[in-house]
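Right, one structure below, let's go through it.
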Amino acid sequence: MQQKVRFQIEGMTCQACASRIEKVLNKKDFVESAGVNFASEEAQVTFDDSKTSAADIAKIIEKTGYGAKEKTEDALPQPEEAAHVSWRLWLLLAINIPFLIGMAGMMIGRHDWMIPPVWQFVLASVVQLWLAIPFYKSAWASIKGGLANMDVLVTIGTVSIYLYSVYMLFFSPHAAHGMAHVYFEVGVMVIGFVSLGKFLEHRTKKSSLNSLGLLLKLTPIQVNVQRDGEWKQLPIDQVQIGDLIRANHGERIAADGIIESGSGWADESHLTGESNPEEKKVGGKVLAGALMTEGSVVYRATQLGSQTLLGDMMNALSEAQGSKAPIARVADKAAAVFVPAVVGIALLTFIATWLVKGDWTVALMHAVAVLVIACPCALGLATPAAIMVGMGKAVKHGIWFKDAAAMEEAAHVDAVVLDKTGTLTEGKPQVAAVYCVSDSDFDEDALYRIAAAVEQNAAHPLARAIVSAAQARGLDIPAAQNAQTVVGAGITAEVEGVGLVKAGKAEFAELTLPKFSDGVWDIASIVAVSVDNKPIGAFALADALKADTAEAIGRLKKHNIDVYIMSGDNQGTVEYVAKQLGIAHAFGNMSPRDKAAEVQKLKAAGKTVAMVGDGINDAPALAAANVSFAMKGGADVAEHTASATLMQHSVNQLADALLVSQATLKNIKQNLFFAFFYNILGIPLAALGFLNPVIAGAAMAASSVSVLGNALRLKRVNIE
């Protein structure tokens, strides 16, 4: 049986490390797929649990030289500890200060600002033989694992320049005359700049990129819980299901629950993306993380921790941010050959410069600059950094993408297929007109009673409207037996004292409607009813458009996305709704199979199709689309099939999802361009001697931070 497990990876220093772990895991016959995200430092592995276990997978990762800790779904993601400057980095930066002063002096002709060569040797030795040990360990583990990472380049470059300077200071013919040219500052400053760059990169990845920390802050640390008839302040980890909890104005809800007493208003925008507060009354639901903006409630906890909707969202976001987008393969392929290629270029640079210049000192400096300027980290961070920020932005708008591949695909969408009921409309139709067959033995009340008896076994909004209308009339609804749903047509059941009743489309109930003067029949949804295959009447049900539907359609069209309506409702109704919204493509009387077939036709015509639905009958079309969106709270099969979930039943949220995806993909392409351009430009400049190793080291450190900074711009992107 296939099992999916996630691991937190420790010890990765660049994309080459992630590629190495992926390569090792994907070679195992019991591993179906393995992906490692350098930005989130997470591995996602799907494997055959009859052949191995998660613990064995962790051991395989550890053998490649990295730590691996399994992440379980039962527990909430844990907050990341704030990144602090280590004593090692403080000492390294302190040692850099005299060299920085000396370098500044040389730039203005004051060579006497540089400390004496012997002291340079002492400080450089402290760095190279002690403070640089983490680089050596990482480089050795990488080489031992069969793949060279960024630390290999830094190690080769700095050790080479250190050994050269030691030779020139103590063993060269010029040493006795005090004429030796040493470059101890190069190794010290390269190690310093790279270490500082790694720290800034780590801090950005752990804090700014990831939205999980913000979500974790939504859960209160202490809550008011009733125990033994008294209210007590308890830590949230001591709360149990069934406990009564009190939340006052300005406090956050600690668990999903049912309100037992009190009332108020709660802001649930952290889950839905909707900023308007929701009114909360006795019997209503509260959700973990919601903020009580007014009033006070006492609620009984029904779900805690990872079982709450907030916990589910956090786990979903964690998994989605850790996944890899297909476009990341570009960087993966480049990173796989990057370090060996750079080492080869550095060697060629050394030989060519020596031959041309006749000075092996200059040749060495050029070669070291090539090694130091090269940066696979920027390549490795380009895609996952943008995905992490983009996922966080989507969640803030109430959109849950299942994985990075779904988000990337959503960015290419140029055709959207929408169901009508519950998507474009309120999904709360009301009976607008009733028709009774003239020669029938059943009057209007009887028609209501019989239809409601059958429809109370269905979940469709039209069925609920008929049942509600019958109850509003105060009618007794008889029992129905052996209810069976005919997908895309209607429902049948045996009604006591009546017979076999069918309720659904006119043709399903074998009813031919007359021509009505009342125009509502031309635009309404029709539910016809028959008894023992003899039609007895029909209901016309009208459904109002959602308030923001027209705005959402306008946003989609503004961004050159074609909109299609595909509904099981009659063609006249669908066309009427389409005309109101300015939609050119409207298809009615569509069965689930018809919807799926039409989606396939659009794909065959070269369209990238997004499908939106919330019912069981939408599942085939959701599966057929390139990317699909289900409404939260709809049918389970729809949510399971869909690529993403919309927390609001709103097309505006779909527009948000597509535009966030487009902005994210654009950001990824910018990052990849920058990373490739940086190396394509930087390596030749270093090889030709236009960049010394110190400047190269600073530039290399800055490149990763620049990519992360560009990814963070996504947080401020306007998607209107």
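- Annotation: R593, atom CZ; neighbour count of heavy atoms from other residues, nucleotides and ligands within 6.0 Å does not exceed 12.
- A distance-only check finds no donor-acceptor pair linking the side chain of H397 to the backbone of I399 [under 3.5 Å].
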Start with the C-alpha gap between L541 and I466, add the side-chain angles, then the distance that decides, and say whether side-chain contact (heavy atoms from CB on, under 4.5 Å) holds. CA-CA 9 Å; L541 296 105; I466 292 173; 4.1 Å; yes
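- A heavy-atom distance below 4.5 Å is not found between the side chains of E10 and E41.
- With values rounded to the nearest 0.5 angstrom, L712 atom CG is found 10.0 Å from M388 atom CE.
- The neighbour count for Q233 CD, taken as heavy atoms of other residues, nucleotides or ligands under 6.0 Å away, is above 12.
- Rounding to the nearest 0.5 Å places OH of Y299 at 12.0 Å from CD1 of I258.
- The distance from atom CZ of R716 to atom NZ of K393, rounded to the nearest 0.5 Å, is 10.0 Å.
- A donor-acceptor pair under 3.5 Å links the side-chain atoms of T549 to the main chain of L424, judged by distance alone.
- Exactly one residue among Q226, R300, R227, Q238 makes a side chain to side chain donor-acceptor pair (under 3.5 Å) with D243. That residue is R227.
- Between A453 and A480, the closest heavy-atom pair is O-CB, 3.3 Å.
- When side chains are defined from C-beta on, V431 does not count as touching V527, because their heavy atoms never get closer than 4.5 Å.
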Before giving the answer on side-chain hydrogen bond (donor to acceptor under 3.5 Å, both in side chains), spell out for T664 and N667 the whole-Å C-alpha distance, their side-chain angles and the decisive distance to 0.1 Å. CA-CA 5 Å; T664 302; N667 191 275; over 6 Å; no
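- Listed for the D48 side chain is a donor-acceptor partner under 3.5 Å among the backbone atoms of S50.
- The minimum heavy-atom distance linking A503 with V454 is given by the pair CB-CG1, 4.4 Å.
- Residue R6 forms a side-chain contact (heavy atoms from CB on, under 4.5 Å) with just one option from E42, E70, K69, and that option is E42.
- Taking the side chain as every heavy atom from C-beta outward, E408 and L665 approach each other to under 4.5 Å.
- Shown here are the side chain to side chain donor-acceptor pair (under 3.5 Å) partners of R555, two or more places apart in sequence or in another chain: N652, D656.
- In the displayed structure, Q430 atom CD is contacted under 6.0 Å by at most 12 heavy atoms of other residues, nucleotides or ligands.
- Put simply, the side chain of Q653 gets close to the backbone of Q648: a donor and an acceptor are under 3.5 Å apart.
- In this structure, D476 places its CG atom where only 12 or fewer heavy-atom neighbours from other residues, nucleotides or ligands lie under 6.0 Å away.
- From Q484, atom CD reaches atom CD1 of I491 across 9.0 Å, with rounding to the nearest 0.5 Å.
- Side-chain atoms of S628 never come within 3.5 Å of backbone atoms of A623 as a donor-acceptor pair (strictly under, hydrogens ignored).
- Across every non-hydrogen atom of L291 and G250, the tightest pair is CD1-O, 3.5 Å.
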side-chain contact (heavy atoms from CB on, under 4.5 Å) between Q662 and L659, worked out: CA-CA 5 Å; Q662 289 178 5; L659 297 180; 3.7 Å; yes
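- Here the side chain of N626 pairs a donor or acceptor atom with the backbone of V609 at under 3.5 angstrom.
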Take L304 and I241 through the side-chain contact (heavy atoms from CB on, under 4.5 Å) test and state the conclusion after the steps. CA-CA 7 Å; L304 299 170; I241 290 178; 3.8 Å; yes
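- Taking the side chain as every heavy atom from C-beta outward, V599 and Y564 never approach each other to under 4.5 Å.
- Here the straight-line distance linking atom CZ of R246 with atom CD of E260 works out to 14.5 Å at 0.5 Å rounding.
- Residues A596 and A624 come closest through the heavy atom pair O-CB, 4.0 Å.
- Formation of a donor-acceptor pair under 3.5 Å by the K28 side chain with backbone atoms of F47 is not found in this model.
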Starting from the C-alpha separation in whole Å, work towards a yes-or-no answer on side-chain contact (heavy atoms from CB on, under 4.5 Å) for F401 and I387. CA-CA 11 Å; F401 281 100; I387 287 291; over 6 Å; no
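- Within 6.0 Å of NE2 in H249 there are 12 or fewer heavy atoms belonging to other residues, nucleotides or ligands.
- What you find for V225 and V239 is that their closest heavy atoms are CG2-CG2, 3.9 Å.
- Between the side chain of K402 and the backbone N or O of S643, no donor-acceptor pair lies under 3.5 Å.
- How far OG of S661 is from CD of E409: 10.0 Å, rounded to the nearest 0.5 Å.
- Side-chain atoms of E22 come within 3.5 Å of backbone atoms of V36 as a donor-acceptor pair (strictly under, hydrogens ignored).
- L287 is not listed as a side-chain neighbour of L310, based on a closest heavy-atom distance of 4.5 Å or more.
- Scanning all heavy atoms of the two residues, the minimum distance from V413 to I561 falls at O-CG1, 3.9 Å.
- Look at K280 and E268 and you find a salt bridge, because one of the NZ, NE, NH1 or NH2 atoms lies within 4.0 Å of a carboxylate O, short of that distance.
- Annotation: side chain of Q44 is not in contact with side chain of D403 (no heavy-atom distance under 4.5 Å).
- With D256 contributing its side chain and T308 its backbone, the two residues share no donor-acceptor pair below 3.5 Å.
- For the side-chain contact (heavy atoms from CB on, under 4.5 Å) criterion with L581, the lone passing option out of L545, V651, V563 is L545.
- Contact annotation: the side chain of E251 never approaches that of V223 to less than 4.5 Å [non-hydrogen atoms, C-beta and beyond].
- Using a 4.5 Å cut-off on side-chain heavy atoms (C-beta onward), I553 and L418 make contact.
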